**Q** 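Got a structure here, written out as structure tokens. Questions coming.
From a predicted model like this one, the values you see are computed outputs, not experimental measurements. Naming convention: chains lettered A, B, ... in sequence-line order (proteins, then strands); numbering from 1 in each chain.
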Amino acid sequence: MKKIIFHIDMNSYFASVEQQANPFLRGKPIVVGGKEGSRSVIVAASIEAKKFGIKTAMPTFEAKKLCPNLIFLEPDGSKYMQTTKMFLKIFNQFSDKVEVFSIDEAFLDMTGWCKNWQSARDKANKIKFEIKQQIGERITCSIGIATNKLLAKLASDMQKPNGLVVINEKNKIQVLDSIKLDDFCGIGRRILQRLENIGVESVKKLRQYPVEKLVREFGPFYGQKLKDMSNGHDDSVVISAEQEAEVKSISRAYTLPYDTFDKQEILQVLLHLCEKCGRELRHKKLAGRTLQFFWRFSDFTHSGFRVTLDSYINDSLELYKRGLEILSRYRLPSAVRLIGIRVSNLAPNSRQIPLFQADRQRFELVPYLDQINDRYGELTVKPAHLLKLSRLRKKIGGFRQGSDDFS
Amino acid sequence: MFNKIDEPIEVICAFLKNKSLPLYFRWGNRRYKIDKVNLVHSVRRGRDKLYFYSVSNKSNYFKLCFDTEKNCWTLNESYSE
């Protein structure tokens with residue numbers, strides 16, 4: 001039996017949630033993403049703002065030029081996360097296999113839940129109705145229905161907003177021949193350029209191109225994958241949250257409000273990020289052995305250091321000490337724009353009680369510090385170095401146990 | 001235009017089967033009727049749970065917050081044209 005897969009993409013998600021919350025913003029060009037005149041970029045634009053050519057990731061000053069009446073809203077992560085939980089709850093009423101693809105999109109394996117394409121359409125319309133009823137009239141989504149995830153995602157992109165498109169065996173080739181190569185999820189700018197270099201400029205040409213040559217150019221895995229894409233084949237399965245692979249790494253990064261050479265300032269932010277990373281590791285009862293510290297410079301070049309330790313750690317202070325060692329030896333070639341830490345090579349936390357008294361005190365103290373912060377809120381007890389960081393604190397997204405934060 | 005407020009308010013609220021709906025609130029010396037609850041979301045701060053109600057009437061939008069630990073309401077922001 002052929003599979004029936006839905007891809008559901010919420011339209012102009014963050015902006016729509018804001019318009020749902022505040023009806024006076026409806027019908028107006030609004031964007032979510034930092035203050036007007038700041039150096040941040042647009043995170044989401046409303047359908048009305050998109051008509052002015054405003055796009056995601058566009059700098060705020062550029063957006064303001066395109067639309068002088070544009071309304072700027074700061075992102076409210078908890079509001080969007082809560083709305084995501086609400087629509088996922090609806091999706092789970094329709095299928096037992098729901099894969100969260102991002103905060104505003106998901107795949108549903110509807111095989112066995114729909115008899116035929118018409119029944120699939122009816123179910124999709126019912127999902128749209130339930131979203132309106134349970135979340136709000138302003139929250140709309142585009143639903144793509146097909147026999148696999150690749151085509152379902154393509155279908156949901158074809159009609160926005162509030163679309164419903166079915167790609168089946170009858171119209172598959174016609175649809176594939178009408179799209180551009182980079183409409184496929186997985187073909188970015190670089191792959192597109194390489195395809196153009198070998199004379200492949202359309203999906204039709206990709207389909208006709210010998211697979212051996214693609215394998216030679218892109219390797220056995222990606223060469224075959226490109227060929228499959230051109231034929232609309234995809235055998236990847238919908239992975240529900242329960243089946244999801246275990247966590248492979250935990251990372252935190254932060255873009256500074258201005259570029260800086262000031263190592264003290266950089267170290268303060270790094271300590272904050274280590275604190276957040278450490279808290280998440282401990283909450284997940286994990287410890288890591290490979291640490292990567294990375295930074296992006298004002299000219300958008302980046303650099304980083306990776307170190308693999310002899311033992312597993314999850315204490316924030318230990319993470320920070322490693323970063324401090326690296327950063328104090330490193331001469332910054334230009335001003336820093338972004339700082340980040342990634343902990344990988346994870347294993348269940350099974351640390352031994354330290355031998356020495358000083359280490360043992362810290363080892364015993366950390367769980368109590370975590371309990372205080374769980375009880376009274378993030379950074380209630382914090383390293384003294386972070387006392388002056390309140391200005392940045394609000395902007396650093398991160399983990400908080402039991403919270404609705406998602407960043 | 002948005003106004004950040006963060007002031008305590010008094011609220012008359014209906015507790016229904018599995019949701020709560022603020023109906024009126026008093027801010028300063030004025031009483032405001034709530035016509036519609038547009039969106040509700042919650043946030044945890046430590047053990048505290050805060051509920052945010054995005055509500056509106058004919059001419060204003062308000063964001064109200066109920067702190068379950070302190071058992072009090074605040075008016076966070078308003079928007080009017």
Side-chain angles (χ1 to χ4, degrees), chain A residues 14 16-28 30 35-36 69 71-87 89 131-132 134-139 279 283 369-381 393-394 397 399-406, chain B residues 1-6 9 11 13 16-25 27 32-81:
Chain A
F14 295 171
S16 296
V17 173
E18 293 297 347
Q19 288 177 324
Q20 175 59 42
N22 182 352
F24 295 98
L25 298 176
R26 296 177 196 175
K28 290 181 183 164
I30 68 160
K35 285 181 183 162
E36 183 181 344
N69 297 327
I71 299 169
F72 289 82
L73 300 169
E74 284 185 54
D76 183 348
S78 55
K79 200 190 278 171
Y80 313 140
M81 194 62 209
Q82 185 94 15
T83 312
T84 297
K85 281 183 185 169
M86 286 161 81
F87 73 65
K89 197 174 162 190
I131 290 171
K132 279 203 169 162
Q134 295 183 35
I135 309 175
E137 63 277 22
R138 190 69 202 180
I139 309 295
R279 288 256 293 145
H283 174 61
L369 297 180
D370 284 347
Q371 274 183 40
I372 293 170
N373 287 330
D374 289 346
R375 166 69 182 83
Y376 294 101
E378 195 67 40
L379 294 173
T380 302
V381 182
R393 188 191 308 164
K394 225 180 130 187
F399 171 79
R400 190 185 300 134
Q401 187 178 337
S403 84
D404 297 315
D405 276 6
F406 61 92
Chain B
M1 180 184 166
F2 276 103
N3 293 303
K4 293 268 174 205
I5 297 165
D6 278 324
I9 50 169
V11 177
C13 186
L16 307 176
K17 198 176 172 186
N18 46 19
K19 62 179 177 180
S20 50
L21 290 177
L23 303 171
Y24 295 91
F25 70 93
W27 176 40
Y32 294 84
K33 183 179 183 292
I34 294 165
D35 290 341
K36 199 167 180 210
V37 177
N38 304 303
L39 195 75
V40 183
H41 72 280
S42 59
V43 171
R44 276 205 180 274
R45 294 212 178 120
R47 206 174 66 182
D48 296 5
K49 191 164 189 181
L50 308 177
Y51 281 92
F52 293 96
Y53 295 83
S54 298
V55 303
S56 57
N57 59 23
K58 274 177 195 156
S59 45
N60 300 291
Y61 151 82
F62 301 103
K63 188 174 169 187
L64 316 181
C65 173
F66 179 59
D67 185 328
T68 54
E69 185 72 10
K70 293 179 188 140
N71 214 13
C72 66
W73 288 85
T74 45
L75 173 59
N76 281 9
E77 62 182 32
S78 74
Y79 180 93
S80 54
E81 291 181 311

**Q** Which residues in residues 70-81 of chain B have any heavy atom lying under 4.5 Å from a heavy atom of chain A?
**A**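 Within residues 70-81 of chain B, the residues under 4.5 Å from chain A are B/Y79, B/E81.
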**Q** Go through the atoms of A/T83 and report whether side chain, backbone, both or neither lie under 4.5 Å from a heavy atom of chain B.
**A**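 For A/T83, the side chain is the part near chain B, not the backbone.
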**Q** In chain order, what residues pass the ring-ring contact (aromatic ring centres under 6.0 Å, His included) check against B/Y61, with sequence neighbours excluded?
**A**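 B/Y61 satisfies ring-ring contact (aromatic ring centres under 6.0 Å, His included) with no residue once adjacent residues are dropped.
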**Q** Counting only N and O atoms by type, is there a donor-acceptor contact under 3.5 Å from the side chain of A/E137 to the main-chain atoms of A/K132?
**A** no
**Q** What part of A/I71 lies closer than 4.5 angstrom to a heavy atom of chain B: side chain, backbone, both or neither?
**A**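 It is the side chain, since no backbone atom gets that close.
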**Q** Applying side chain to side chain contact (heavy atoms under 4.5 Å, CB included), run through B/D67 and B/R45 and close with a yes or a no.
**A** CA-CA 10 Å; B/D67 185 328; B/R45 294 212 178 120; over 6 Å; no
**Q** Tell me, side chain or backbone of A/F24 under 4.5 Å from chain B's heavy atoms, or both, or neither?
**A** both
**Q** Counting only non-hydrogen atoms closer than 4.5 Å, does B/K19 touch chain A with its backbone (N, CA, C, O), its side chain (CB onward), both, or neither?
**A**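 No part of it gets close to chain A.
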**Q** Looking at every heavy atom in both B/P22 and B/I34, which two are closest together, and how far apart are they?
**A** O-CD1, 3.6 Å
**Q** So for B/F52, is it side chain, backbone, both, or neither that comes closer than 4.5 Å to the heavy atoms of chain A?
**A**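 Contact with chain A involves no heavy atom of B/F52 at all.
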**Q** Any side-chain heavy atom of B/F66 sitting closer than 4.5 Å to one from B/V40?
**A** no
**Q** Judged by atom type as modelled, is there a donor-acceptor pair below 3.5 Å linking the side chain of B/D35 to the main-chain atoms of B/S56?
**A**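 No: the side chain of B/D35 does not pair with the backbone of B/S56.
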**Q** Checking the side chain of B/E69 only, and the main-chain atoms of B/K49 only, is there a donor and an acceptor separated by less than 3.5 Å?
**A** no
**Q** Please check if the side chain of A/R138 supplies one atom and the backbone of A/V17 the other of a donor-acceptor pair under 3.5 Å.
**A**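 Checked: no pair found.
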